[in-house]
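To start, the structure under review is shown below, and the notes come after it.
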Amino acid sequence: MEYFAALPAEQLAAELQSKIDAYYQWLLTSGRLSRWRIAYDTYYGQRGQHNSSYVTAGGDKGELSFLMSNEYRNLLQHLLVLAFQSRPSIETVAINRDSTSKAQSYLAKGIIEYYRRDGKVDDNTLQGTEIALIMDVGWVFNEWDTMLGQEIASDPETGELVRQGDLSSRARTPLDVVIDITKPQGNQRDWIMVKDPKNKFDLAAQYPELGEDLTSIQRDHTRDAIYRFGDQMDFDMGMNSPDVDVWTFFHRRSPALPEGRMFQFVTPKLHLFDGPIPYRKLPGNRICPTEQILSALGYSNGNDLLGLQDVMDALISSAVTNMTAASGNTIWTKPSPNFDYEEIAKGMSLIEADEKPEVLIMNRLPPEWLALANFVIGRLEAISGINSVARGNLGGKDLSGTAMALLQSMAIQFNNGLIRAVNRAIEESGNDIIQLTQDFASEPRLGMIVGAQNRYMMKKYAGKDVAQIQRVYCRQSNPMKDTTAGKMQLLDKYMSVPGMITDPSQITEVLETGSLDSTTDPGRNILLSIDEENEALMRGEVPPVVFTDNHPQHLSRHGKIFASPEDRQDPGLIQRSRAHFDQHMQAWRETPPDILAALGIPPYPGPPPMPPGAGPQGPGPG
């Protein structure tokens, strides 16, 4: 028997199409597809007759009112905020510790930040996480697109312009990504297939030999109605979308396929590309809130909120129906010939009757309704791990900043699995960026790179400039520090330190924005400046020294360069550092004491000045 991934193109296309059909059929029969559709509709405020945007009339005569209170979306949005409220830092690891590798590490971090920001990698990670919360798993694909980038030359044979190429990032749902569902774990993959919508006329221009076949493809609207959600459902209502689904199959390098394989097709009869896989690893970074044991797909905690959302919708709808249908006053009285109900309609203020009429209040909600509603909301918050403090609802309680910070940090820790999955996706995207740059960015290109002290600058780079980088790691900060309550607690600590808060506007900024930058920036910028000098020393430069430098602080932090044993064996670094140390000592010694005092710099620790007349008086006794 021959391995399916090694089959000829015609047979491989048919085999891949059968795997796509089997995957979709499994989603349908396993119940995941229906659950995803319910979760999708609920997330966007539509659940049967309940809608969060307006009140829907129901019943035989429109006597019922249906309304949705979308707690489900609110809680998932808070989970997204928790997962992305702090931007994890990226650390790059070079092959060795020489000055060239260190310089490349700083450049690599700048390139990663550039693509995370301008290449929309972080935006797609956010969208992939949102997809995962709704549909158990989300994907972020980072690939190299030869159609992007600046034009650099023209093909001598075809005359077409050749571009530099650039990184292309996109988020995908589990309906767009087919994997081997027989694997017991989602990260165990030999192959993966991803679906991308492409304009068939663009494809016909790109592949003229297949132009007529490509432009004649028509969408299968019956299949779309089953496997597509929301606005994507296209029933050919005069739109005639030109998009067709292009499938790309990737197989990793393995003993059965030493070069791997990349195969792109539209239908089993229309193939666009067939060749070795151009990437070091399989594309596709998986985001999964929690793993489901013995399953290639994950499980979202949002699934456990859907039933409670149904109960909440029923409670809200019953209350709205009761309040609106019975909102008018109903008057009850015993039968009496002396009571004229028509006079009440005229608005009489004087009524003569044998019995006093009584107003029946029929739209009053029982206390059990409120108790059940509060119980459901409490269960929703408990299951999702988003407490009332995280939602901004204190319930009338007067909590201290420390208590609120603790409660909010507990919400973060409860959802640590989601945060860990996001960090792993960011880490893998960083590795994708470096590897794609190393392997494909042969021509120099300009990028907006963040430099020292978080200043941006245009810098030219190519793959060879980061050739020494081997791995990228992601580091998460303390969760309590990333909450507003935690920052308020830190502000209380800062206010107790003399000289830490010098301007009332610093307190105002923390209260209004939750940012501690105004209290930490001055000292942090000084440290960043010293770190910038350390980087210059490692690059082979000797940075200048000015009299306003806090020389003891500079000398202490410069000394940390040699904390690594490898740096101690670099004679050039030792020589440059000693020259820079001598410059600091000279500037410190020559600066007048009154200027040092004004700058808050301690005096130079030289020998004390000699009192008048205490100098040498001539040769002493032998």
Side-chain angles (χ1 to χ4, degrees), residues 16-48 70 72-73 75-76 79-80 83 127-141 170-197 220-234 245 247 249 282 284-310 313 380 383-384 415 417-418 421-422 425:
L16 295 180
Q17 185 62 57
S18 67
K19 290 186 180 296
I20 294 171
D21 295 338
Y23 175 79
Y24 280 149
Q25 185 65 25
W26 178 80
L27 292 180
L28 185 63
T29 56
S30 65
R32 280 194 184 255
L33 185 67
S34 61
R35 189 175 72 199
W36 292 349
R37 189 183 298 276
I38 291 172
Y40 180 91
D41 292 340
T42 304
Y43 188 75
Y44 291 107
Q46 178 65 52
R47 184 72 180 273
N70 203 342
Y72 176 77
R73 178 182 174 86
L75 291 170
L76 294 193
L79 287 175
L80 278 177
Q127 186 178 0
T129 307
E130 189 174 17
I131 292 170
L133 289 172
I134 301 171
M135 304 173 70
D136 299 327
V137 64
W139 297 87
V140 178
F141 280 79
R170 62 201 188 280
R172 284 291 174 265
T173 73
L175 291 172
D176 302 321
V177 180
V178 175
I179 59 175
D180 186 356
I181 56 176
T182 64
K183 296 288 186 181
Q185 295 181 9
N187 289 322
Q188 296 179 352
R189 295 191 298 276
D190 292 326
W191 56 268
I192 192 170
M193 275 188 285
V194 58
K195 178 180 67 175
D196 294 296
D220 185 349
H221 300 295
T222 302
R223 190 185 186 94
D224 287 349
I226 299 174
Y227 297 109
R228 302 183 82 178
F229 297 165
D231 296 337
Q232 280 195 345
M233 288 191 298
D234 177 18
D245 293 333
W247 287 94
F249 168 77
L282 286 177
N285 300 324
R286 181 173 174 268
I287 303 175
C288 180
T290 55
E291 295 290 347
Q292 181 173 342
I293 299 174
L294 300 180
S295 174
L297 296 178
Y299 188 85
S300 171
N301 289 340
N303 296 327
D304 301 327
L305 307 179
L306 293 172
L308 291 170
Q309 179 65 56
D310 275 348
D313 293 342
L380 286 166
I383 292 173
S384 65
N415 291 285
L418 174 64
V422 170

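We're numbering straight along the sequence, starting at 1.
When Leu80, Asn301, Ile287, Asn303 are each tested for a side-chain contact (heavy atoms from CB on, under 4.5 Å) with Leu133, only one passes: Leu80. Looking at Asp310, Asp41, Asp313 one by one, the single match for side chain to side chain donor-acceptor pair (under 3.5 Å) with Arg47 turns out to be Asp310.
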Evaluation steps, side chain to side chain contact (heavy atoms under 4.5 Å, CB included), between Leu76 and Glu130: CA-CA 8 Å; Leu76 294 193; Glu130 189 174 17; over 6 Å; no

Run the side chain to side chain contact (heavy atoms under 4.5 Å, CB included) check on Phe141 and Val177 step by step: do they pass? CA-CA 10 Å; Phe141 280 79; Val177 180; 3.7 Å; yes

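Contact of the Tyr24 side chain with the Ile226 side chain is not registered, since no non-hydrogen atoms from C-beta on lie closer than 4.5 Å.
We find the CD-CZ distance between Gln17 and Phe249 to be 13.5 Å, quoted to the nearest 0.5 Å. Interatomic distance, CG of Leu297 versus CH2 of Trp26, reported as 4.5 Å (0.5 Å rounding). Of the inter-residue distances, the one linking Trp247 atom CH2 with Leu16 atom CG reads 10.0 Å to the nearest 0.5 angstrom. Taken to the nearest 0.5 Å, the CZ atom of Arg73 stands 12.0 Å off from the CG atom of Leu75. The CD1 atom of Ile134 sits 12.0 Å away from the CH2 atom of Trp36 when rounded to the nearest 0.5 Å. Note: Gln185 CD to Ser295 OG = 10.5 Å, rounded to the nearest 0.5 Å.
Smallest separation of non-hydrogen atoms from Ile181 and Ala296: CA-CB, 4.1 Å. Considering every non-hydrogen atom in both Gly128 and Ala171, the closest pair reads N-CB, 4.0 Å. Between Gly284 and Arg189, the closest heavy-atom pair is O-NH2, 3.4 Å. Shortest non-hydrogen contact noted between Pro174 and Val137 is CD-O, 3.2 Å. Between Lys195 and Leu175, the closest heavy-atom pair is NZ-O, 3.8 Å. Among all heavy-atom pairs drawn from Arg170 and Val194, the shortest one is NH2-CG1, 3.9 Å.
Within the structure, salt bridge (Lys or Arg N to Asp or Glu O under 4.0 Å) contacts touching residues 292-304 (residues at least two apart or in different chains) do not occur.
Taking the ring pair (Phe, Tyr, Trp, His ring centres under 6.0 Å) definition, one finds that Tyr299 meets it with nothing, sequence neighbours left out. Partners of Asp136 under the salt bridge (Lys or Arg N to Asp or Glu O under 4.0 Å) rule, at least two apart in sequence or in another chain, are Arg32, Arg35.
Counting only N and O atoms by type, the side chains of Thr173 and Asp176 include a donor and acceptor under 3.5 Å apart.
Salt bridge Asp180/Lys19: absent, no basic N to carboxylate O contact under 4.0 Å.
Counting only distance, with no hydrogens or angles, the side chain of Tyr72 and the backbone of Gly45 share no donor-acceptor pair below 3.5 Å. With Gln127 contributing its side chain and Thr129 its backbone, the two residues share no donor-acceptor pair below 3.5 Å.
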